[in-house]
Asks: 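Structure below; questions to follow.
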Amino acid sequence: MSVPRADDDAELDKLPVGMGSGAVWVTAAMFPEEVLEYVFSFVEADADRNAISLVCRGWYRIERRCRRRIFIGNCYSVSPEMALRRFPEVRAVVIKGKPHFADFNLVPSDWGGGADAWVESLAEACPQLEELRFKRMVVTDDCLELIGRSFRNFKVLSLVSCEGFSTAGLGYVAANCRNLRELDLLENDIEDNGIHWLSHFPESFTSLTSLNISSLDGEINFSVLERLVISCSKLKTLRLNHSVPLDRLANILCKAPHLVDLGTGRFSADFRLGLFEKLDSSFKACRNLKNLSGFYDAVPAYLPSIYSVCDGLISLNLSYATMRSAELIKLITQCKHLQRLWVMDLIEDAGLEAVASSCKLLDELRVFPIDPYAAEPVSLTERGLVAVSAGCPMFRSVLYFCRQMTNAALVTVAMNSPNLTCFRLCIIDPHTPDYLTQQPLDIGFGAVVKTCKNLSRLSLSGLLTDRVFETIGAHAHQVKMLSVAFAGDSDAGLHYILSGCRSLKKLEIRDCPFGDKALLANAAKLETMRSLWMSSCSVSLGACRLLAERMPRLNVEVIDERRGGPLESRPNDCPVEKLYIYRTLAGPRSDVPSCVWTV
Amino acid sequence: METEVGKKEDELPQLLDLISNEEDWFKGDVGRGDGHILGDLEEEKLELTLAPPGGEGREKLEKLSSALSSAGFSKIANSLYKNTVVGAQLVFFDSAKPNAEASGFQKDNFVPLPLPVTANFGKESSLEANMRMNQSHERGVHSAPEDGVLVKNRSQIRLTSSPVVGWPPVRSFRKNIAINSSKISDVLQNAGTLENRLRSETSNKGFFVKINVDGIPIGRKLNLNAYENYEMLSSVVEELFCGLLSESFYFTVSCTGMGEDAKRAFTGLLDGSGEYTLVYEDNEGDRMLVGDVPWDMFVSTAKRLRVMKNSELSTLFLGAVNKKRADEC
C-alpha cells in the first residue's frame, strides 16, 4: 500500500461525487473537516480506514488525526515513532510480535518481539492511550510499570501468549491503573515471584468488567477474589484458573449472577455436603450467561448443575475437560443455541454426530487431541467432521485434529459447507494419504478451496503433492493465511501459491521441499504480504542474499540455532534452517539475537 | 533441482488430465484406478532421488530387500512408508538436497522406531532408509490397502514413535492434559457414587509445609491435610519440637529438669499464653497468627509455619508494618 506523504498542506482536492451519466465536481471546502471527521468516526474497519486515507491528501490528513485504533500485525513492520507520528490521537493499539509458529516452539526464545520500544513511544506520544493488546510479545515488568504510570485513562490490557513479566509487574498494573476495565491474561509465561498481585487492586477499585486469569499457574487468594467480584458490580467476564475449586466458584457466582462470560476453575472440589445444590442454585441465578469455559479436571457428576444455563449458551469451551464422550454428549446436546464449541477428541464421532443433530446454529468447531501419540487412538475420524458439516447449516470455521481422512469426506464437507471461512485440518501423522484409496488428499483440499469461496484461513495436512497448490493458487482468492506442513513435491508448489492467492497475507511453511527458484521468481509478491515463514525447507543462503538485495523493503531473517559459526561468513549454498521474511518500513531491526541474521 | 523442475513441466499435461477428471470424483465415483498415473509419477520421482553414490548403494538395497522379504516384514515396511514421518521426510527432503549438511539436519528430526526388522534403524544412513522405502513402495503402490493390517501397524508404530519438533501444532498449555488424563480416567473408571469418587480424589493430596522454631536451626515438614483442626496441629508441633528443644538446651545449658520446661514452653501455642506462638506465612507472603480463620481456609492458604518466641513477636510486628509502608511508596 503506498502511503501519501504526511504533510500539513491545506491543499483543496476535488472529489467526484455522484453516479450515472453526469458527475458533479465538489470541492472539499464544501465539507468542513469536522463533518468529515464525524463521518469517518463511524468507519472502524482498518481496511476501510486505509481506503479513506488514499482518496486524497485532504482526507488522508483528516483521517490520520482521528484514527483511534491501530492494528500492527508485525511489530517490526513499522517503527513506533513512525506509527505514532501518523496517528497521534490513537487510543487503542493492537500489536503482534513473534511469528505464529512460535506457539509450537519453532522460533528461538530470544528471537525478539519486545514491547518496550512501543510502550516507551506510546508513553511519550499518547498519554491518552486507553487500550493495549499484545500477542506473542516480550513484555517486561518495566513495561507494565510504565503502563501503570503513564496512561491516566488506561482501560484495557490484553496479554496473549506473551512472556517476560512476573507477578510483580501485574501487581503494579493492579495498583496503578485506576480505571482498568479489562485485564486479559491468556496463555502467558508469567514468572511467579510470590507476589500476590490480585490483592494489589485498591479497596476502592470498582471499574473491572472483564478479568481473564484462566491460564495462570499460581494460587489465587479466594477472599481477595471475592472482594473484587463484589466491588466490581459491572463485571461481565470472569475466567478463573485451575486453583479455584467448585465450592469457591459457587460462592463467587452467588455474588456475580450478572456474568455473561464465565470460565470455571477446576471443575471439582473437596467433598462438601450440599455443594451440588449450591452450584445448581448459583447457576440458576445466572440468567445472562452466554459463554462458558474452564472445566479443568472435570468431574462429570457435577455437570448437571449447569444444565440450567445450557439453553442460553452461545459458546462452550470444553477443550480442557477430560470426560468421556457420553458425558460430553449429555451436556452439549442441551445447548441448542450453541454457536461455538471447543472440545477434545474424546467426544468421538458419535459425540459429533449428536452435536450435529442438536446444535443447529453451530458456527465454529475446534477439536483438540488429548494425546496425539496415544497407544489407543480415540475413535474420532473424518466421520465426525462430515456429520457436523451435514447437520449444521451455519458451519463456518473448523480446527480439527484427527488421524485419518479421505478425499471423499473432504469433498462432502466442502459441498455441505460452502460458506466455510476457516478450514484447519491437522492429520496427526505427516504424509498420511486417503486411507481408503492411498491417494494424496489433493482432490479433497482442492474441493474445499474451490467450493468455499469465502475461505480466508486454510491449514493443510496429510499427503499432498504439488497439484493441490496449483488448485489453491488458482482458486483461493480470499485466503489470507495459509499454513503448510510436510507437503508438496517441488518448487512448483511454492510457485503456485506465490503466483496465485491474490489475498495472501501470511504464509507459513515447514518441512516442504520448496526452494530458491520459487522464492526468487515471486519476490515482488512478498512485499504484498505481511510475512513468510519457512523452516526445514530447501532454501539456500545465496537465494536469501539475492532476495534481500532485490527487495530493500523486506527484512530477510535467517535463523540458525545450530551455532555453527557466524552466519555472515557462510557460503551461498549453505542451506537455511529457518527463514522469516516480512515487509517493513523500518529497515533491519536492531535487536536481533545471535541466532538471527538479517541478510 | 533444475532437472526436477524441468521434469515437472514435462509431466504437466498428465496433471491437467487428472484435473479434468475431477468432475467424476465429484459425482461420487471416488477411488477408481486413477491412482495408477500418480503412482507412475511417484515412482519416477523416487528413481530420481535414488542416485546412489557409485554402485555401493545398490548392493545395500539388495541386502535390505532380501532381509526384509526373508523376515516377512514387507507389509510393515509398506505401512512404514505410508505412515511414518521419518520415511516420507527422507524421500521428499532428500530429493531437494542431497548433501551432508541436509542429512545431518534430518538426523536431528530422525527418530528411530524400535521395530524388530531394523535393529540398527537409527544408525541406518538416510540414503539406505530412502532406498528401503522406495523398494517397499514399488511393491506396495498398486496393492489394495488392507485396513486392518494398516491400522494395527499404525498404532504399533505410534506407540513408540516420538514426535517431530512442534508437530502436531498444539500449544504447550494443552500438552499437559494427557499426562493427567490417565489418572483421571482411572478415577472415572472407579465410578461409584459421587462421594466415593470425590473422597478418592482428596485422599491423594498431601500438603507438606515447612515448620521452623526460633532457636532451632533445623526445621521439619508437616502434612496439614493429615490434621483436622488447630488443636491437633498444636499438639503435633509440640511433639515434634519438644525433643529438639531439649537437645539444644542440653548443649547450651545442661539441666536435668529441662525436659519439663521445654514441654511447658510449647503449651499455649495458639492462645499466646506460653512462651511461644505459632504463626504462618500465607500465600500472599504475609505473616499471620494461626487460629483466626476456619481450619479449611488456613490449610488452603498456609505456605509455611513458624514457632516464634513471644518476645520476638512484638518486634516482628513493628517490622511488618514498616515493610508494608515501604511497599506502598
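Computed from a prediction, not measured in an experiment: that's the story for all the values here. Protein chains get the first letters and strands the later ones, always in sequence-line order, with residue 1 at the start of each.
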Asks: Step by step, would you call B/Arg174 with A/Met344 a side chain to side chain contact (heavy atoms under 4.5 Å, CB included)?
Replies: CA-CA 10 Å; B/Arg174 295 198 178 276; A/Met344 281 209 266; 5.8 Å; no

Asks: Could you check which of A/Ser459, A/Pro369, A/Ser199 has the highest count of heavy-atom pairs closer than 4.5 Å to chain B?
Replies: A/Ser199

Asks: So A/Asp511 and B/Trp167, do their side chains get closer than 4.5 Å, heavy atoms only?
Replies: no

Asks: So A/Asp103 and B/Pro169, do their side chains get closer than 4.5 Å, heavy atoms only?
Replies: no

Asks: Relative to chain B, which segment of A/Asn193 carries a heavy atom at a distance below 4.5 Å: side chain, backbone, both, or neither?
Replies: neither

Asks: In Å and rounded to the nearest 0.5 Å, what is the OG to CD1 distance from B/Ser300 to A/Ile220?
Replies: 12.5 Å

Asks: Tell me, for A/Tyr296 versus chain B, whether the close heavy atoms (under 4.5 Å) come from the side chain, the backbone, both or neither.
Replies: neither

Asks: For atom CG of A/Asp217, is the number of surrounding heavy atoms from other residues, nucleotides or ligands below 6.0 Å larger than 12?
Replies: no

Asks: Under 4.5 Å from any heavy atom of chain B, what part of A/Leu346 do you find: side chain, backbone, both or neither?
Replies: neither

Asks: Rounded to the nearest 0.5 Å, what's the gap from OG on A/Ser223 to CE on B/Met297? Could you check?
Replies: 6.0 Å

Asks: Would you name the heavy atoms of B/Val165 and A/Asn105 that are closest together and state the gap between them?
Replies: CG1-O, 4.2 Å

Asks: Please state whether the side chain, the backbone, both or neither of A/Ile427 comes within less than 4.5 Å of a heavy atom of chain B.
Replies: backbone

Asks: Side chain, backbone, both or neither: which part of A/Glu187 has a non-hydrogen atom closer than 4.5 Å to chain B?
Replies: both

Asks: How close do A/Asn188 and B/Phe173 get, heavy atom to heavy atom, and via which atoms?
Replies: O-CZ, 3.4 Å

Asks: Most heavy-atom pairs under 4.5 angstrom with chain B, which of A/Leu198, A/Val224, A/Asn221, A/Ile195?
Replies: A/Asn221

Asks: Measure the OG1-NE2 distance between B/Thr301 and A/His196 for me, rounded to the nearest 0.5 Å.
Replies: 11.0 Å

Asks: What's the shortest heavy-atom distance between B/Val164 and A/Arg510, and which atoms?
Replies: CG1-NH2, 3.3 Å

